[in-house]
Novice: 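Sharing a structure with you now.
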Amino acid sequence: MNYLLGAFKPSCNVFITFADGKNRKQVPLKKENGQTIMVPLFQSQENISGKVSIEPIQGKKVEHNGVKVELLGQIEMYFDRGNFYDFTSLVRELDVPGELYERKTYSFEFSTVEMPYETYNGVNVRLRYVLKVTINRGYAGSIVEYQDFVVRNYSPPPSINNSIKMEVGIEDCLHIEFEYNKSKYHLKDVIIGKIYFLLVRIKIKNMDLEIRRRESTGSGQNTHVETETLAKFELMDGAPVRGESIPIRLFLSPYELTPTYRNVNNKFSVKYYLNLVLVDEEDRRYFKQQEITIFRLQETST
Amino acid sequence: MVLERAEDEEKWLAEGIAAIQQNAFYMHRALDANNLREALKYSALMLSELRTSNLSPHKYYDLYMRAFGELRGLEMFFKDESRHGVSIVDLYELVQHAGNILPRLYLLCTVGSVYIKSKEAPAKDILKDLVEMCRGVQHPIRGLFLRSYLSQVSRDKLPDIGSEYEGDGDTVMDAVEFVLQNFTEMNKLWVRLQHQGPGRIREKREKERSELRDLVGKNLHVLSQIEGVDLEMYKETVLPGVLEQVVNCKDDLAQYYLMECLIQVFPDEYHLQTLEALLGSCSQLQPTVDVKMLLSQLMERLSNYAASSPDVLPEFLQVEAFAKLSSAIWKVVDAHAEMPVVGAISLYVSLLTFTLRVHPDRLDYVDQVLGACVNKLSGKPKLEDRRARKQIVALLSAPIEKYNDVVRALTLPNYPRVMEYLDSSTNKQMAMVIIQSIMKNNTCIKEADKVEVLFELIEGLVKDVDGIAVDELDEEDFNEEQNYVARLIHMPYNDDSEEMLKIMCAVQKHIMGGGPKRLPFTVPPLVFSALRLVRRLQSQDGEVVGEELPATPRKLFRLLSQIIEALSSVPSPELALRLYLQCAEAAGDCDLEPVAYEFFTQAFVLYEEEVADSKAQVTAIHLIIGSLQRMTVFGVENRDTLTHKATGYAAKLLKKPDQCRAVYACSHLFWVDDQKGIKDGERVLLCLKRALRIANAAQQMASVTRGSAGPVTLFVEILNKYLYLFEKGNPQITSSAIQSLVELIQNEMQSDSTTQDPASDTFFASTVRYIQYQKEKGGVMGEKYEPKKV
């Protein structure tokens with residue numbers, strides 16, 4: 001039995017470390033099993049280099065048909081579970097077939113890796129980057145080890161960033177004009193704006209500003225759209241009268257937002273909307289949704 | 001249902017309080033542990049209780065105060081960066097992450113106040129931000145309390161002059177703008193409160209609203225407390241800002257309250273300098289606003305201000321306060337045609353008070369006010385409203401009280417015109433006020449035309465007006481009023497007899513129409529007043545006697561007889577008779593025999609024709625005898641005629657004792673104890689004898705009718721006359737005659753049929769003792785008495 005059991009135990013430990021692992025910023029990443037682990041953070045066109053150590057269990061030898069490390073960028077659709085789509089796949093052969101008796105360390109380097117998409121954990125879709133080490137053992141089954149890392153890409157401030165200004169209304173009932181100071185916000189930005197009431201014939205109870213995320217996956221007939229409300233921020237309490245103007249000041253930092261993703265590898269899109277909701281005393285909701293673009297601004301502090 | 005709601009409210013309040021306490025507990029625990037995150041969480045939860053819509057303002061206030069108390073602790077925590085490790089700037093952002101607006105803004109205000117204190121940012125920027133962000137709460141009650149909180153926490157942090165927050169671009173102007181804006185927003189919310197809820201509980205809403213008004217008014221108070229608000233700034237910024245809001249809110253409750261506040265909280269001096277703006281906006285208020293109360297208050301304040309120090313009076317003149325106020329009032333009165341008269345009048349009263357205090361020398365102003373009052377009253381029926389009448393009395397009394405001099409009031413042409421609009425009882429009341437003032441101040445009215453005006457004013461007392469029959473009035477009141485009029489008639493006086501005569505004529509003209517009830521009160525004082533003039537003329541003249549002179553005794557007597565004649569209509573013959581006799585005596589003293597004779601004639605005619613009552617006749621005849629006895633002016637013929645008449649009347653009295661007494665009194669007519677007096681002893685004796693005869697007859701009559709003769713009183717009385725005339729040296733009165741009379745009396749007294757009367761016995765005994773005494777005394781008189789035996 002012992003022998004048999006031993007046969008199923010991995011015969012070696014595999015460690016993947018990054019070259020600048022000590023200094024590199026670590027960010028939390030939520031795994032499928034719900035655990036949050038800290039993983040290093042990269043951005044596109046960085047060199048991803050490090051070491052892979054293979055340490056056979058004491059007194060064992062590892063026979064293999066070669067060792068390789070892959071850098072994978074994968075998109076996983078939850079409704080198509082287990083089916084990964086690799087949009088990036090880079091391979092480095094680390095060893096030729098042979099036997100390992102003791103710990104052996106290999107250096108690897110992927111230089112200026114193109115990682116156009118950001119790590120993303122959505123409702124129906126996940127985009128992840130992973131280093132995959134494979135010890136190919138033929139019929140005995142390969143030994144595989146993964147190391148996740150996160151990619152975030154920064155954008156410069158947009159050169160054109162117009163405000164959103166709009167007049168909406170229901171005839172003879174409610175006319176408002178609202179204004180958000182920009183159409184593009186970075187993740188730690190503040191939405192400043194105001195709502196001007198031109199005509200109020202309904203009894204408004206309150207007014208909220210919601211941040212909604214619209215995640216669409218698939219294409220054509222298989223498109224799945226999932227909308228989440230990430231923020232619900234009360235702007236106004238009570239019924240205003242004509243001529244009243246209500247200020248908006250919404251800090252985005254408390255919310256877990258991502259940049260806007262448009263058509264990520266033809267697989268999915270993530271868009272953000274500001275939804276202005278007015279609720280009247282009979283709990284009827286009047287709303288107007290406006291898309292905003294969210295981008296990641298290079299944080300000056302890091 | 002209402003009850004149920006009230007119970008529910010109690011329950012909601014209790015629940016709210018419990019939740020606040022619970023969250024406050026956790027908050028304090030977090031504060032003790034210096035845990036910022038938890039502290040924010042629980043304070044937000046605690047403040048969420050203020051989001052309720054279930055409570056009336058009163059209950060909500062309760063809840064608010066509890067939360068308010070707890071927020072102090074939080075503020076202390078925020079202040080101490082070492083406890084939470086977050087810079088104030090970050091904290092200012094952090095609290096804005098709260099999802100619900102109400103807790104968010106309460107926290108923001110709390111942090112904001114700490115932020116200002118830290119001076120890390122200009123106070124004005126923070127204040128501006130706070131007041132702007134608070135716009136998010138549009139619910140009237142919640143908004144009002146939130147802004148009230150803002151006002152509370154920022155109050156000691158305004159960049160006022162001399163405050164530590166002033167400077168570096170923070171000026172008083174920023175403080176003022178901040179408070180003004182908060183005020184404006186609060187007022188809007190407050191006004192809006194009336195539109196909340198269904199219409200049927202409107203009344204309740206209004207009540208609730210007035211409970212909240214102080215929250216709004218507090219802002220004005222804060223403004224007035226800002227040191228840096230000087231007159232200039234008040235004029236340029238504060239007042240226009242406040243007035244704009246007041247006028248634009250178009251809500252009567254708010255407008256009235258705020259104007260009232262404005263008038264009360266700012267110094268009088270400011271009001272004075274900004275009268276135009278203040279009054280201008282008064283006319284723009286809603287028609288339902290009680291502008292007159294506001295104006296009254298304003299004028300009262302200004303009046304007091306004027307009275308406070310004479311130094312400020314030039315200011316009033318400089319800004320032409322009267323002109324502005326009065327034109328504002330005319331406008332208000334014009335604009336509110338439906339305003340009850342009482343309102344308009346009370347406005348005039350205030351204006352008048354103001355005028356009297358500020359411009360005591362400007363009678364024309366006073367008259368203008370009265371004139372306006374006349375305009376308002378004209379074309380209306382006489383006042384029925386009791387309050388309005390009261391106001392008019394106040395209006396008319398004010399100048400009199402101020403000047404303590406009716407004469408001044410009399411020079412106001414509009415004064416009597418106002419009086420005309422009073423109903424009779426008020427008119428009388430007013431007339432009494434006038435008269436009492438004259439009495440109190442001993443005002444001397446010197447000109448006939450003023451007397452004329454005065455009597456026109458008190459017309460209600462001297463004449464029947466409105467056809468109200470006199471007998472409907474309370475007699476006591478009436479008598480009192482008439483007594484006052486009578487006293488008044490004595491008041492006018494002028495050293496110049498000519499003018500005095502004019503005064504007389506004026507008075508006469510007025511009182512003649514007084515009717516039978518009044519004349520008995522008013523004629524005598526006038527007569528005596530005229531007689532006083534006569535005496536004065538008499539003492540002056542000698543050198544000036546002539547028809548061409550306007551004021552001669554002769555003329556006066558003509559006037560007097562006219563006056564007294566009026567009494568015949570009353571009729572009051574006894575009174576008239578007395579007055580005729582008075583006049584006759586006066587005429588006698590003036591050596592005007594025909595006049596005196598005429599007066600006597602009048603008296604006799606009255607006696608004959610009008611005096612029917614026997615008692616009155618007795619009195620009258622004695623009066624006539626008395627007066628006639630003193631007259632020295634008559635020639636023999638006239639005197640004979642008159643004395644003859646008098647004795648004739650005396651003998652014709654009804655009762656024997658009266659006859660007797662009158663007749664023996666007539667004896668004096670023939671023996672005047674004077675140098676040139678008439679001394680006709682024979683006729684004296686005749687009178688006395690006749691009296692004795694009558695006394696005898698009376699005695700007999702008594703014994704016939706009652707079985708016993710009356711007392712001897714009459715005899716004793718006649719004896720006394722004998723003695724008097726005897727002493728005066730009448731030769732016809734002999735001691736023997738006296739002797740026999742004494743004996744006669746003694747006999748009578750001893751006779752059985754005579755009624756014993758201790759009084760007459762004593763009388764007789766005294767008389768006898770007197771004779772005895774004279775005898776014993778000796779001297780000339782003793783000798784005369786010597787022969788008498790007693």
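Throughout, a chain's letter reflects where its sequence line sits, starting with A, and its residues are numbered from 1.
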Novice: Can you tell me if B/Lys59 has over 12 outside heavy atoms packed within less than 6.0 Å of its NZ?
Specialist: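 Yes.
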Novice: What are the two closest heavy atoms between A/Pro247 and B/Gly136, and how far apart are they?
Specialist: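 The pair with the smallest heavy-atom distance is CD-N, 4.2 Å.
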Novice: If you count heavy-atom pairs under 4.5 Å with chain B, which of A/Val241, A/Ile195, A/Asn206 comes out on top?
Specialist: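 Between A/Val241, A/Ile195, A/Asn206, the count favours A/Val241.
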Novice: Can you check whether A/Lys205 reaches B/Ser53 side chain to side chain, under 4.5 Å on heavy atoms?
Specialist: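 Answer no - side chains too far apart.
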Novice: Please report the C-alpha distance between B/Gln138 and A/Ile204 in whole Å, then the side-chain angles of each, then the deciding distance to 0.1 Å, and finally whether the side-chain contact (heavy atoms from CB on, under 4.5 Å) criterion is met.
Specialist: CA-CA 10 Å; B/Gln138 292 287 323; A/Ile204 296 171; over 6 Å; no
Novice: CZ of A/Phe251: more than 12 outside heavy atoms within 6.0 angstrom?
Specialist: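 Check passes, neighbour count above 12.
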Novice: More than 12 foreign heavy atoms under 6.0 Å from NZ of A/Lys182: is that the case here?
Specialist: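 Atom NZ in A/Lys182 is crowded, with more than 12 foreign heavy atoms closer than 6.0 Å.
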Novice: Answer yes or no: are there more than 12 heavy-atom neighbours, outside A/Tyr255 itself, under 6.0 Å from its atom OH?
Specialist: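 Yes, the 6.0 Å shell around OH holds more than 12 heavy atoms from other groups.
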Novice: Can you tell me how far the CD atom of A/Glu234 sits from the CG atom of B/Leu105, to the nearest 0.5 Å?
Specialist: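 Rounded to the nearest 0.5 Å, the CD-CG separation comes out at 9.0 Å.
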Novice: Show the nearest heavy-atom pair for residues A/Asp237 and B/Leu102, with the distance to one decimal.
Specialist: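 Closest approach of A/Asp237 to B/Leu102: OD2-CD1, 4.4 Å.
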Novice: Under 4.5 Å, heavy atom to heavy atom, which residues of residues 44-52 of chain B contact chain A?
Specialist: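 Residues B/Arg51 are the ones that qualify, each having a heavy atom under 4.5 Å from chain A.
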Novice: Evaluate whether atom OH of A/Tyr286 has more than 12 neighbouring non-hydrogen atoms of other residues, nucleotides or ligands under 6.0 angstrom away.
Specialist: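 More than 12 within 6.0 Å, yes.
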Novice: Would the distance check show the side chain of B/Arg104 and the main-chain N or O of A/Phe233 forming a donor-acceptor pair, the cut-off being under 3.5 Å?
Specialist: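 No, B/Arg104 side chain to A/Phe233 backbone: no donor-acceptor pair under 3.5 Å.
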Novice: Sort out for me which of B/Lys188, B/Glu132, B/Arg142 touches chain A most, counting heavy-atom pairs under 4.5 Å.
Specialist: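 The candidate making the most pairs under 4.5 Å is B/Arg142.
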Novice: More than 12 heavy atoms of other residues, nucleotides or ligands under 6.0 Å from OH of A/Tyr117: is that the case?
Specialist: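 Above 12, so yes.
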Novice: With a 4.5 angstrom heavy-atom cut-off, is it the side chain or the backbone of A/Glu244 that approaches chain B, or both, or neither?
Specialist: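 For A/Glu244, the contact with chain B is made by the side chain alone.
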Novice: Tell me the closest heavy-atom pair linking B/Arg192 and A/Pro240, and the distance in Å.
Specialist: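 For B/Arg192 versus A/Pro240, the nearest heavy atoms are NH1-CA, 3.9 Å.
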Novice: Could you pull out all residues at least two apart from B/Tyr257 that satisfy side-chain hydrogen bond (donor to acceptor under 3.5 Å, both in side chains)?
Specialist: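 Expected list: B/Asp214.
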Novice: Of all of B/Leu189, B/Ile141, B/Asp129, which one pairs up most often with chain A through heavy atoms under 4.5 Å apart?
Specialist: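 Result: the option with the highest number of such pairs is B/Asp129.
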Novice: In this structure, are over 12 heavy atoms from other groups packed under 6.0 Å from A/Lys194 atom NZ?
Specialist: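 No, not enclosed.
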Novice: So which part of B/Glu185 gets closer than 4.5 Å to some heavy atom of chain A, the side chain, the backbone, both or neither?
Specialist: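 Interface part for B/Glu185: side chain.
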